[in-house]
Protein chains: 4
Amino acid sequence: MADQVEKKAPVRRRKEARPQELTTAALSLFVEKGFAATRLDEVAARAGVSKGTLYLYFDSKEALFLAVIREGIVPIIEEGRKLLVAHADDPVRMLREYLFGWWALFGDTELGGVPKLMTSEAQNFPEVAQYYVREVILPGKALMREVLDRGVAKGVFRQTDSELVTHILMAPLLHLALWRHSFAVCCQVPDMDPNAYLESFFDLVLKGLAATPEGGK
Amino acid sequence: MADQVEKKAPVRRRKEARPQELTTAALSLFVEKGFAATRLDEVAARAGVSKGTLYLYFDSKEALFLAVIREGIVPIIEEGRKLLVAHADDPVRMLREYLFGWWALFGDTELGGVPKLMTSEAQNFPEVAQYYVREVILPGKALMREVLDRGVAKGVFRQTDSELVTHILMAPLLHLALWRHSFAVCCQVPDMDPNAYLESFFDLVLKGLAATPEGGK
Amino acid sequence: MADQVEKKAPVRRRKEARPQELTTAALSLFVEKGFAATRLDEVAARAGVSKGTLYLYFDSKEALFLAVIREGIVPIIEEGRKLLVAHADDPVRMLREYLFGWWALFGDTELGGVPKLMTSEAQNFPEVAQYYVREVILPGKALMREVLDRGVAKGVFRQTDSELVTHILMAPLLHLALWRHSFAVCCQVPDMDPNAYLESFFDLVLKGLAATPEGGK
Amino acid sequence: MADQVEKKAPVRRRKEARPQELTTAALSLFVEKGFAATRLDEVAARAGVSKGTLYLYFDSKEALFLAVIREGIVPIIEEGRKLLVAHADDPVRMLREYLFGWWALFGDTELGGVPKLMTSEAQNFPEVAQYYVREVILPGKALMREVLDRGVAKGVFRQTDSELVTHILMAPLLHLALWRHSFAVCCQVPDMDPNAYLESFFDLVLKGLAATPEGGK
DNA sequence: CATGAATGAGGGTTCATTCAT
DNA sequence: GATGAATGAACCCTCATTCAT
């Protein structure tokens with residue numbers, strides 16, 4: 001019986017894993033070539049199945065795209081939040097964790113290509129873009145705003161327009177991810193070490209946000 | 001005689017202007033939909049010509065893409081440099097001019113979509129990407145580095161890793177341009193005023209880069 | 001069980017037969033209209049498939065052309081040789097078999113259009129032409145030369161420049177095939193009976209090649 | 001005044017010569033590539049005029065084709081006839097003149113590609129083919145038949161089916177011309193000397209047609 | 001479930017033909 | 001007459017989608 005279980009298990013696991021194998025393959029190809037330039041042949045081949053099999057799991061190429069975004073993104077946010085609350089009393093540490101955590105949990109993984117993909121395709125898939133904004137960008141910014149607000153409350157950060165500043169602070173993170181999936185691949189750019197980049201960024205922001213000693217200049 | 005000139009002028013002017021009319025149309029469509037998803041029919045229609053006419057000026061869709069990047073980008077850099085040297089003795093002013101000038105001369109024009117386009121297509125067109133890096137990105141970063149170095153020399157900015165910091169400082173500018181051509185179009189995001197964004201960014205960077213009063217903390 | 005076999009058979013047979021159905025359709029159209037004037041739509045339609053199906057079996061129109069020549073031609077030569085060796089001791093009979101066999105096995109079949117096709121397209125497809133010369137024309141001439149040489153050895157044919165004479169003797173055969181696929185189709189030429197033509201030709205050649213009674217004139 | 005005449009003459013001659021310059025250019029390209037694969041751009045370029053100019057002289061590509069055949073072919077026949085009547089009393093000499101004259105006056109000139117062209121395109125242009133058969137092939141064969149008939153009348157040639165034999169005798173001539181414009185161009189075939197070829201052919205035919213010594217058997 | 005052969009609409013590209021100059 | 005820019009129909013080829021097995 002144990003034998004049977006073991007024999008069946010991988011098969012069942014396989015079947016259940018199929019959609020994710022497909023979205024994973026699709027994600028990397030969409031990121032690399034863009035949605036329109038990716039052929040479903042390639043996606044299927046990379047996932048090790050035939051082209052027809054794709055249609056057992058997804059109604060169309062667009063549905064596959066939606067699934068790629070849907071399944072790939074959602075769980076990250078929650079993990080990030082957990083990471084941050086661990087340092088809720090230390091806004092500087094929270095900021096640092098945000099930046100490095102964003103990179104470690106997201107930018108540096110295979111999901112790191114999603115910002116490039118979504119930026120490229122937002123206009124072609126407005127509903128997906130809206131979904132992404134609602135589920136990823138806004139929560140991510142809200143999380144950053146919490147960090148900032150907490151810092152202000154603690155007297156560590158100075159008062160700023162947190163809406164604008166969160167936007168600004170996301171930019172270098174996104175840039176790091178976009179760069180890796182665009183120019184870094186095809187141009188012999190002097191290797192940019194993400195850690196050093198993030199350290200510099202963290203240093204810059206910290207000083208840029210630092211509360212003035214006595215509220216004066 | 002004036003009559004004759006006027007009769008001939010429009011035709012000749014058209015013929016000479018054709019390539020630019022076409023690249024302009026192509027640029028906006030490439031930015032909007034991406035290279036692969038743009039049909040040459042549309043490009044031609046937007047330029048007011050037939051599909052065949054495109055091939056009088058460009059050998060292929062890819063050649064059109066190359067021309068879009070080539071002709072659209074180059075002259076900007078030089079203009080920016082001129083703008084900056086006007087304030088060579090005031091690094092803070094130079095930085096401010098860089099940020100706002102970048103937006104006014106580039107990001108806010110029809111060329112502002114190029115970063116999105118090049119980011120999306122860099123992997124599909126490595127030679128074009130290399131050209132873009134060489135002619136646009138590196139000169140742009142070099143210009144920024146000049147600003148930083150001058151600030152350090154004047155004792156206004158503190159010492160930093162200028163390679164990394166230029167990269168970081170470009171990110172919010174690029175983000176502004178990318179955002180406008182991606183999520184801003186399709187999502188009812190609360191309008192982000194570029195000027196306020198740039199002011200916040202400038203403020204943040206200025207404090208982040210400020211030389212410490214007595215060199216020590 | 002027989003049922004199952006019968007259900008599967010036609011499908012499998014079809015799939016394996018597809019390439020040949022396509023080359024057969026292509027051959028007749030290439031012969032009729034020439035390579036450039038033949039549309040792949042027509043080829044597909046004549047083979048009873050859709051246009052896209054063609055590309056499951058051939059990479060391009062040119063690859064289809066190559067396949068038409070490759071698969072259509074080669075096996076004939078060997079059959080001809082077998083036919084001739086049956087009469088190795090009778091050069092006159094060999095010559096007769098060559099002429100009539102050439103027509104029956106080649107000229108009068110659907111492959112009979114190949115000489116017209118290759119003659120028309122040789123300059124446009126030099127590699128294919130070289131292949132055809134090497135695999136068809138030269139072996140065919142070599143076979144003819146064997147006939148002549150054997151006739152000379154047996155004292156039945158007089159000595160001639162066999163290189164030139166083989167070339168000359170091939171001409172009326174080729175002409176018969178070319179004529180059928182060109183002027184014969186569109187012009188109300190008084191029907192030329194191939195058999196009578198070949199008889200006349202055989203008669204003419206036999207007398208033209210006959211050894212002089214006492215070796216002298 | 002003489003000056004003026006000389007100045008105008010070449011211009012006028014030019015204008016009148018235009019159509020022929022165009023048909024000459026078209027002929028060589030049609031022969032080389034076939035009708036469908038020849039672009040009017042090339043024809044115009046080879047004739048040294050612009051593409052539009054072609055349409056001043058010919059209504060369409062097909063009209064150009066018709067003109068190529070029309071103007072290129074007709075006058076030859078009459079010249080050949082004159083050549084033959086000079087030896088009306090010597091059928092053997094007539095036959096020799098026919099073969100070598102055909103080659104010198106036709107096959108070896110720039111018109112020598114016409115048989116290849118007409119053979120290739122006969123089915124695509126039935127009216128042109130009919131015209132060609134009527135004006136060229138049938139007169140050519142009739143001329144040959146005259147030679148044969150005269151030989152029979154003189155007791156030099158034996159009786160044969162002259163319809164079939166003329167057809168057969170034309171084949172090696174046509175083959176020589178077809179070969180030169182097809183395989184000879186692209187394949188390193190051991191050079192075939194037309195004169196030797198024709199000598200062999202003449203020799204072969206002469207013996208093949210020779211009247212039997214005592215009219216027996 | 002899985003396959004892969006088949007489809008056919010659609011896009012890039014060519015080129016005969018037109019026409020304003 | 002001559003030009004060459006412009007056109008648009010038509011062709012080769014691709015690829016998302018379907019479906020019989």
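Chain letters run A, B, ... following the sequence lines, proteins first and then strands; every chain starts at 1. Atom set for the values below is all heavy atoms of this structure, side chains included, hydrogens, waters and symmetry mates excluded.
- In the interface, the side chain of D:Lys51 is paired with the base of E:dT17 through a donor and an acceptor atom under 3.5 Å apart.
- In this entry the distance linking CG of D:Leu40 with P of F:dT7 reads 20 Å, nearest Å.
- When ring centroids are compared, B:Phe125 and B:Phe35 come within the 6.0 Å threshold.
- The shortest heavy-atom contact between A:Ser120 and B:Ser120 is OG-OG, 2.6 Å.
- Position along DNA chain E of the nearest nucleotide to B:Arg39 versus D:Ala37 favours B:Arg39 as the more 5'-ward residue.
- With D:Tyr57 as the aromatic partner, D:Arg18 does not meet the cation-pi criteria of under 6.0 angstrom to the ring centre and within 45 degrees of the ring axis.
- Nearest to the side chain of D:Lys61, among E:dA5, E:dA16, F:dT7, sits E:dA16.
- Across the protein-nucleic acid pair, D:Leu22 atom CG and F:dA2 atom P stand 10 Å apart, rounded to whole Å.
- If you check every strand for non-hydrogen atoms under 4.0 Å, B:Leu56 touches a base.
- Remark: side-chain polar atoms of C:Lys33 are not paired, donor with acceptor, to backbone N or O of C:Thr38 under 3.5 angstrom.
- When rounded to the nearest whole Å, the span between CG of B:Leu29 and P of E:dG11 equals 13 Å.
- In this view, B:Glu110 and B:Thr24 satisfy the side-chain contact (heavy atoms from CB on, under 4.5 Å) rule, not counting sequence neighbours.
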Using Watson-Crick and G-U wobble pairs with both distances under 3.5 Å, what is the 5'-to-3' dot-bracket string of DNA chain F, with [ ] for crossing pairs and | for pairs outside the strand? .||||||||||||||||||||
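- How far OG of B:Ser28 is from CZ of B:Arg46: 4.0 Å, rounded to the nearest 0.5 Å.
- Atom CZ of A:Phe58 is separated from atom P of F:dT17 by 13 Å (rounded to the nearest Å).
- For the pair A:Phe35 and C:Tyr55, nearest-nucleotide mapping onto DNA chain F gives the more 5' position to C:Tyr55.
- Straight-line distance from the CD atom of A:Glu21 to the P atom of E:dA2: 10 Å, rounded to whole Å.
- Rounded to an integer number of Å, the gap from C:Asp59 CG to F:dT14 C1' is 13 Å.
- Taking atom CG of residue A:Leu64 and atom P of nucleotide F:dC15, one finds them 16 Å apart after rounding to whole Å.
- A pairwise comparison of heavy atoms in B:Ala63 and B:Phe58 identifies O-CD2, 4.3 Å as the closest pair.
- At the phosphate of F:dG1, neither OP1 nor OP2 sits under 4.0 Å from any side-chain N or O atom of D:Arg18.
- Here D:Thr53 does not reach the OP1 or OP2 of F:dA2: none of its side-chain N or O atoms lies under 4.0 Å away.
- Between the OH atom of C:Tyr57 and the P atom of E:dG4 there is a distance of 13 Å, given to the nearest Å.
- Checking B:Gly52 against C:Glu62, the closest nucleotide of DNA chain F that is more toward the 5' end is the one next to B:Gly52.
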